[in-house]
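Inspection log for the structure reproduced underneath, given as structure tokens.
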Amino acid sequence: MEKIIKRNTVQSQIILETVQKMHSHVTAEEVFMQIQNSHPNISRATVYRNLNNLYEEGKIGRISVSDNAAKFDFMPAHHYHVRCEKCDKLFDVDMNGLDSVEEDLKRKIKNDNGFTFTGCDIIFKGICPECKKSSKI
């Protein structure tokens with residue numbers, strides 16, 4: 001199979017740099033709004049398309065959170081997250097050794113549907129310090 005090489009456009013570079021500068025887990029809309037401040041000529045469609053291209057190229061991460069828009073991560077390497085149940089923000093979790101747990105889980109799944117498992121997303125739940133402070137939990 002022939003590998004398709006995508007052009008590294010100026011817009012793509014601006015979008016990548018914006019995600020890296022935001023240094024968080026952001027939606028495409030948040031990236032678009034940030035870019036509009038300095039590059040109002042870059043369209044929403046360009047931002048959405050390039051974010052997905054950057055993810056496919058392995059330059060950024062993407063986290064799918066049920067009932068919410070996908071979040072794009074400045075850190076492309078596989079890692080884990082915790083989602084605040086109050087504010088819905090995602091935070092990184094440093095968890096060495098969890099990769100072996102993922103492999104163990106894949107081996108233990110009853111696979112009646114014939115899937116080939118390629119990975120899994122583990123997202124922990126909790127209350128972030130900021131929400132905890134404001135809620136007096």
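Count residues from 1 along the sequence.
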- With side chains defined as the heavy atoms from C-beta onward, is the minimum distance between Tyr80 and Asp92 less than 4.5 Å? no
- Task: Measure the spacing between CD1 of Ile63 and NZ of Lys71 and express it to the nearest 0.5 Å.
- Result: 8.5 Å
- Task: Could you check Thr46 against Ser43 for side chain to side chain donor-acceptor pair (under 3.5 Å), going step by step and ending with a plain yes or no?
- Result: CA-CA 5 Å; Thr46 297; Ser43 73; 2.9 Å; yes
- Take Asp73 and Arg62 through the salt bridge (charged side-chain N to carboxylate O under 4.0 Å, His left out) test and state the conclusion after the steps. CA-CA 6 Å; Asp73 195 338; Arg62 182 174 63 196; over 6 Å; no
- Heavy-atom pair of closest approach, residues Met22 and Val26: CE-CG1, 3.6 Å
- Task: Check for a donor-acceptor pair, side chain of His79 on one end and backbone N or O of Ala77 on the other, with a separation under 3.5 Å.
- Result: yes
- Task: Please report the closest heavy-atom contact between Cys84 and Ile127, naming both atoms and the distance.
- Result: SG-CA, 3.9 Å
- Is it the case that more than 12 heavy atoms not belonging to Met33 sit under 6.0 Å from its CE atom? no
- Test Thr9 against Asn50 for side chain to side chain contact (heavy atoms under 4.5 Å, CB included), laying out the working first. CA-CA 9 Å; Thr9 65; Asn50 277 281; 4.2 Å; yes
- Between Gln13 and Glu17, is any side-chain donor less than 3.5 angstrom from a side-chain acceptor? yes
- Taking every non-hydrogen atom, the tightest pair across Phe72 and Ile60: CD2-CD1, 3.6 Å
- Tell me, please, which residues at least two apart from Lys108 pass side chain to side chain contact (heavy atoms under 4.5 Å, CB included). Asp104
- Message: Please verify the inter-ring angle class for His81 with His25; under 30° counts as parallel, over 60° as perpendicular, anything in between as tilted.
- Response: perpendicular
- Query: Out of curiosity, Asn53 CG to Tyr55 OH, how far, rounded to the nearest 0.5 Å?
  - Reply: 12.5 Å
- Gap separating the CD1 atom of Ile15 from the NZ atom of Lys59, nearest 0.5 angstrom: 11.5 Å
- Interatomic spacing from CD in Gln34 to CD1 in Ile14 - rounded to 0.5 Å: 12.5 Å
- May I ask you to test the Ile123-Val82 pair for a side-chain heavy-atom distance under 4.5 Å? no
- Message: Rounded at 0.5 Å granularity, tell me how far CD in Glu85 sits from SG in Cys131.
- Response: 10.5 Å
- Message: Determine whether Glu29 and Arg44 satisfy the following criterion, salt bridge (charged side-chain N to carboxylate O under 4.0 Å, His left out), listing intermediate values before the conclusion.
- Response: CA-CA 8 Å; Glu29 187 64 21; Arg44 182 177 273 113; 2.8 Å; yes
- Query: What closest approach, in Å, do Ile42 and Phe32 show between heavy atoms, and which atom pair accounts for it?
  - Reply: O-CE1, 3.5 Å
- Do you know which two heavy atoms are closest between Gly58 and Pro76, and how far apart they sit? O-CB, 3.2 Å
- Query: Does the side chain of Leu54 come within less than 4.5 Å of Ser12's, by heavy atoms?
  - Reply: yes
- Query: Between atom NZ of Lys86 and atom SG of Cys128, what is the distance when rounded to the nearest 0.5 Å?
  - Reply: 10.5 Å
